[in-house]
Amino acid sequence: MMHLILADAELEIVPQAIQGHPAVVKHAKSRKKRPSNLLLDATYHHQAIRSKYGAEAERRGRPDIVHFFLMNAQESILNREGKLRVYVHTRNNDVVFISPETRLPKSYPRFVGLMENLFHNGAVPNAEEPLLYLEKMSLKSLVDSIGKPAIVLSEKGARKNVWNYNIPEDITVIIGGFPSGDFLSNVSFADEIISIHDSTLMAWVAAYEIISRYESLYLR
Ligand SMILES: C[S@@+](CC[C@H](N)C(=O)[O-])C[C@H]1O[C@@H](n2cnc3c(N)ncnc32)[C@H](O)[C@@H]1O
C-alpha cells in the first residue's frame, strides 16, 4: 500500500486578520457567503494576502494545487486497484482524510464549495459515513499514525532516477502542497529525501510520477 500525503498544502479558510479586507468582502458577497466560510484563494484574495503576509503572499491561498493533486491521485489506476491512501495535510495542521472511493468534483468551483463545507462541518457528506473528514494533526503525527517508512519528495533531496527507483511496497510518500519555498513542517524525520528531476516539478506531476513508478513495481 502507498500512503500519499500532500503536505503543508496551502488550503485554509480566509484568516480572521483579512476577513474585513475589501477584496475578501466583495468576493464573499458575490458568493453569498460569510468571509469566515470562504476558502482563501490567491486568484481573488491576492491583494488581501499581500497586505498582511508580505513575503509569504506568493505561496498562500492555493486550493487549485490540492484540486489537481487529488484529481491525479484519486483517479489513478493505483487507487482503483485499492493500493493507495491519500491525505492532505495543511499549513495549519488540518489533515483531510479521504476515503479511496471518493470521486471529487472535476469543476474547480464545486471543489472549492466542497472544501468550504468540509472546513465548516468537519466531514462530508456527514459525520456518520464520511467520504472526507478533518482532524487536527501535525505532519509527523500523521506519518507516525500510518506507521510506515516515509520518503519525502523534494528538489533538495538526493537525486534518483524515478524510473528505476526501488520504492518499498509499504510506504508513505510526502509531497509539498505549495507553489514555492520549502516545507513549513520539519521533514527531517523521513527515512529518505529524494529529488526525481533536475527541475522543480508541480506537486501533481511529482505525485503522478511516483504513483506510476509504484504501479510499475506492484501492479500485475
Ligand atoms: C512546486 S514544488 C514546491 C517548490 C519547492 N521549491 C520544493 O520543491 O520544495 C511542489 C512539490 O513537488 C515536489 N517536487 C517538485 N520538484 C521536485 C523534484 N525535482 N524532485 C522531487 N520532488 C519535487 C516536492 O514535493 C515539492 O515540495
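Order of appearance sets the numbers: ligands from 1, and atoms from 1 within every ligand.
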Does the N or O separation between Ala206 and ligand 1 drop below 3.5 Å for any pair?
no

In this structure, atom 6 (N) of ligand 1 is nearest to the protein heavy atom Glu155 OE2, 2.8 Å

Suppose we measure from atom 14 (N) of ligand 1 to each protein heavy atom; which comes out shortest, and what is that distance?
Leu201 O, 4.0 Å

Is the shortest N/O to N/O distance between Thr200 and ligand 1 below 3.5 Å?
no

Based purely on interatomic distance, does Asp182 place a nitrogen or oxygen under 3.5 Å from a nitrogen or oxygen of ligand 1?
no

Decide whether an N or O pair under 3.5 Å exists between Gly176 and ligand 1.
yes

Report the nearest protein non-hydrogen atom to atom 3 (C) of ligand 1: residue, atom name, distance rounded to 0.1 Å.
Phe178 O, 3.4 Å

Protein heavy atom at shortest distance from atom 20 (N) of ligand 1
Ile196 N, 2.9 Å

The one among Gly181, Gly157, Ala203 that brings a heavy atom closest to atom 4 (C) of ligand 1:
Gly181

Does any N or O in the side chain of Asp144 come within less than 3.5 Å of the main-chain N or O of Gly147, such that one atom is a donor and the other an acceptor?
no

Nitrogen or oxygen atoms of Ser199 and ligand 1 under 3.5 Å apart:
yes

Please state whether the rings of Tyr87 and Phe97 are parallel, tilted or perpendicular, taking 30° and 60° as the class boundaries.
perpendicular

Taking all atoms of both residues into account, what is the closest heavy-atom pair of Pro105 and Leu114, and its distance?
CD-CD2, 3.9 Å

Would you check the N or O atoms of Ile174, main chain and side chain alike, for any that come under 3.5 Å of an N or O of ligand 1?
no

Quick one: are the ring centres of His27 and His45 less than 6.0 Å apart?
yes

Looking only at distance, does Pro179 have an N or O less than 3.5 Å from an N or O of ligand 1?
no

Name the closest protein heavy atom to atom 24 (C) of ligand 1, giving the residue it belongs to and the distance to 0.1 Å.
Leu153 O, 3.0 Å

Salt bridge flag under 4.0 Å for residues Arg80 and Glu75:
yes

Look at atom NZ of Lys156 and say whether more than 12 heavy atoms of other residues, nucleotides or ligands are closer to it than 6.0 Å.
no

Just let me know how Ile194 lines up against ligand 1, side chain, backbone, both or neither, with a heavy-atom cut-off below 4.0 Å.
backbone

Thinking salt bridges, do Glu58 and Arg50 make one under a 4.0 Å N-O criterion?
no

Heavy-atom pair of closest approach, residues Arg31 and Gly113
NH2-CA, 4.5 Å

For the pair Arg62 and Asp41, find out whether any cationic side-chain nitrogen is under 4.0 Å from an anionic carboxylate oxygen.
no

